[in-house]
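Atoms within each ligand, like the ligands themselves, are counted from 1 in listed order.
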Amino acid sequence: MQDEDILVIRLGATCDLADVEEQQIYAGKVQGFANFGMFVQLNDRIKGLVHKSNMKTEHREKDPIIVKVRQIRPNGNIDLEEVQIQVYQVQNIEKKSTTIRINDLGTRVGKTVAIEGEVAQIKQTSGPTIFTIVDESGTQNVAAFVEAGVRAFPEVELNDIVKVVGEVMKRNNQLQIEAHVITALTGDDETAVRVRIDTALDARAEPEDIPLLVKSEVIESLRPEMKKIAKIVRKAVFTAQPIILRHHADADGICSAVAIEQAIIALIRESGADFDADYYLFKRAPSKAPFYEIEDITRDLDFSLKDHVRFGQKMPLVILTDNGSTEEDEPSYKIASVYDIPFAVIDHHHPDATIDKYLIAHVNPYHVGGDFGITAGMLGTEVARLINPKVEPLIRHLPAIAGVGDRSEAPERARYLALVRDQYSEDTCKNIALALDYEQFWLRFNDGREIVKDILNISGNITRHTKLVALLVEGANVMIEDQMSACMPHVVKRELPNGAKLFLIDVEIHAHKFTFPPPGKTSGEVHDRLCKANEGSPVVTIGFGPDFAVLRSRGVLMNIPRMVRELHVEIPGGGISGGGHLVVGSIKFVEGMRNTVLEALINKIGGAQVQK
Ligand code: MN
């Protein structure tokens with residue numbers, strides 16, 4: 001054989017032991033020395049030993065060397081001998097790895113594969129670097145190791161399109177790829193993969209067209225926008241974008257958010273992410289005020305930015321429900337827009353048109369001729385079914401609880417109640433709503449994910465659900481009775497020019513403070529009692545403190561947000577803000593202007609039309 005016919009193999013970075021053949025000649029590199037010989041690397045992952053009896057010349061570390069494989073031992077050790085040839089042909093060998101979809105990885109355990117996708121997260125552990133890769137079919141963690149705690153492939157960045165070649169492993173029942181190489185694609189390669197993934201993801205994220213739980217013209221008209229939000233949420237889940245779900249901290253807001261929470265968590269789990277991904281990719285949080293406060297956005301931003309820096313996460317998608325459609329939310333949206341955080345809103349508060357420029361989607365019954373009677377819990381549950389129809393059995397009773405909790409007078413309330421009548425009577429729904437309000441009072445800013453599931457009978461432990469709700473209702477009622485016995489004797493009555501009966505209660509001095517029920521609910525309870533006592537008459541109740549008032553009304557056609565805006569202009573120095581629903585809302589002012597503001601407010605109420 002002529003020297004020039006001798007073939008020397010150079011193994012690529014992706015090759016492993018399976019690519020090494022006995023009697024074959026390889027190009028290698030001297031790695032180090034021992035008493036009995038020297039170690040030679042055939043690539044970064046494969047090394048063999050040249051026994052000193054098989055060494056032909058002197059070498060130093062990192063010298064190129066040509067070796068022949070004498071033997072591959074059963075334990076994987078490779079015996080080499082040095083060969084000296086001057087003329088030869090080099091053949092580069094790369095691992096033959098076909099590019100496959102992430103959801104096909106399960107059939108390739110132990111094999112070397114290639115996947116292409118977008119880098120959705122880069123997390124440095126004390127061991128390997130974990131890259132989360134997303135393609136059109138799923139999400140996959142890829143471990144890459146150079147040295148403990150050292151970032152592997154530092155040139156690869158978040159949102160890059162990459163090709164990963166590695167071995168499919170099973171760790172703790174979860175698939176993982178141990179990467180040999182991760183290459184960031186550029187130019188046409190990158191564009192082709194990105195377009196392929198985007199197109200497929202877009203189709204995959206499209207929600208199924210399923211009928212509503214009940215007949216409703218208003219909700220049916222909202223279907224396109226509900227589908228839009230469902231698609232945005234599905235896409236966020238499929239691309240491992242964190243989701244923050246914010247909601248008003250009352251029974252309606254909780255029902256809406258919990259329905260969506262169940263849909264999202266189930267979808268995260270289905271999409272093959274980590275066992276705890278539903279904790280780091282999803283967060284539900286109540287907003288204390290009936291809007292998205294600066295305090296809320298500040299917390300959300302603070303955590304998101306830290307997660308972004310610390311765990312290499314994407315910036316979140318924020319969903320607001322039973323909140324988010326009024327001018328009061330604007331300051332927070334402005335802050336969020338600095339960071340390009342996308343917002344989608346599901347709300348039934350009277351929307352201010354100025355808000356829509358901050359939102360990527362907005363479901364609101366007022367947009368299609370409906371009103372607040374279609375509660376956030378009804379809308380949230382329907383959106384949740386579009387996000388993930390499989391969770392329907394868990395959440396189909398939530399709209400009934402929400403409707404009762406928010407005192408909806410829309411025909412849909414009765415339809416949602418009828419849907420679950422077998423298991424949940426109207427009184428049961430009322431009790432669950434009260435239990436939610438009471439528990440949220442103690443939870444304060446926490447979401448109480450698992451406790452709330454028990455209250456809503458989602459955990460599947462009906463004994464615990466029944467016991468817990470009964471106990472919470474009992475506790476709530478004791479405290480409500482206590483509050484009512486203290487404040488009812490102090491209610492002041494006035495007759496208004498329009499025939500409405502006005503009742504005033506100073507909740508600051510005639511009610512217990514910092515306890516349950518808080519001022520808003522206290523005023524609501526007072527109002528309910530007075531409505532009963534004044535059957536047939538229009539009734540307005542104002543519960544006020546030093547710098548706020550809470551309004552409830554029956555049979556008076558008010559527009560609280562508009563009254564607040566007018567008062568803001570009419571009373572300079574009143575420091576007036578507020579809003580809410582048309583007939584249930586609140587107003588804030590400066591303490592020194594209280595009497596002026598309240599009298600002006602009462603004047604407006606007295607001029608409003610009453611229902612005959
Ligand atoms: Mn509501």
Side-chain angles (χ1 to χ4, degrees), residues 216 218-219 222 226 229 245-261 284-293 296 319-329 344-352 355 362-368 370-384 395 397-413 416-417 429-430 432-441 447 452 455-456 517-518 520-521 523-525 527-528 550-554 558-561 578-586:
S216 167
V218 176
I219 305 181
L222 288 169
M226 293 199 302
I229 290 198
L245 177 58
R246 280 278 187 180
H247 60 92
H248 186 201
D250 72 351
D252 179 42
I254 295 168
C255 285
S256 179
V258 168
I260 297 169
E261 171 183 71
R284 173 170 70 80
S287 292
K288 259 292 185 248
F291 55 91
Y292 189 57
E293 284 185 286
D296 298 331
I319 312 282
L320 302 182
T321 184
D322 202 13
N323 251 354
S325 59
T326 66
E327 274 172 3
E328 292 156 288
D329 303 283
V345 165
I346 300 164
D347 197 7
H348 67 141
H349 289 82
H350 196 268
D352 292 315
I355 288 306
H362 182 184
V363 170
N364 194 311
Y366 285 97
H367 291 161
V368 293
D371 64 21
F372 63 93
I374 306 293
T375 75
M378 298 172 186
L379 298 169
T381 303
E382 297 293 356
V383 170
I395 60 171
H397 57 301
L398 303 192
I401 298 166
V404 169
D406 246 21
R407 298 144 196 264
S408 162
E409 286 172 12
E412 283 81 353
R413 165 184 164 139
Y416 280 113
L417 277 164
C429 290
K430 267 185 196 155
I432 296 175
L434 178 59
L436 283 176
D437 280 336
Y438 185 57
E439 185 65 23
Q440 188 62 60
F441 177 80
D447 65 336
V452 168
I455 296 173
L456 286 172
K521 194 169 173 63
S523 309
E525 287 292 333
H527 178 68
D528 285 351
V550 186
L551 285 82
R552 310 264 157 164
S553 72
R554 182 193 70 189
M558 307 194 299
N559 180 335
I560 293 175
H581 291 299
L582 294 182
V583 297
V584 182
S586 62

>> For H349 and H581, I'd like to know if the aromatic rings sit close, meaning centre-to-centre distance below 6.0 Å.
In response: yes

> Is there a donor in the side chain of H348 and an acceptor in the side chain of D252, or the other way round, less than 3.5 Å apart?
Replying inline: yes

> Just checking, any donor-acceptor pair under 3.5 angstrom between side chains of D406 and T375?
Replying inline: no

> Under 4.0 Å between a Lys/Arg side-chain N and an Asp/Glu carboxylate O for D329 and R246?
Replying inline: no

> Pick from K521, R552, R407, R554: which one makes a salt bridge (charged side-chain N to carboxylate O under 4.0 Å, His left out) with D528?
Replying inline: R407

> Counting no waters, how many protein N/O/S atoms sit under 2.8 Å from the Mn ion (ligand 1)?
Replying inline: 5

> I229 and A344: which non-hydrogen atoms are nearest, and at how many Å?
Replying inline: CD1-CB, 4.0 Å

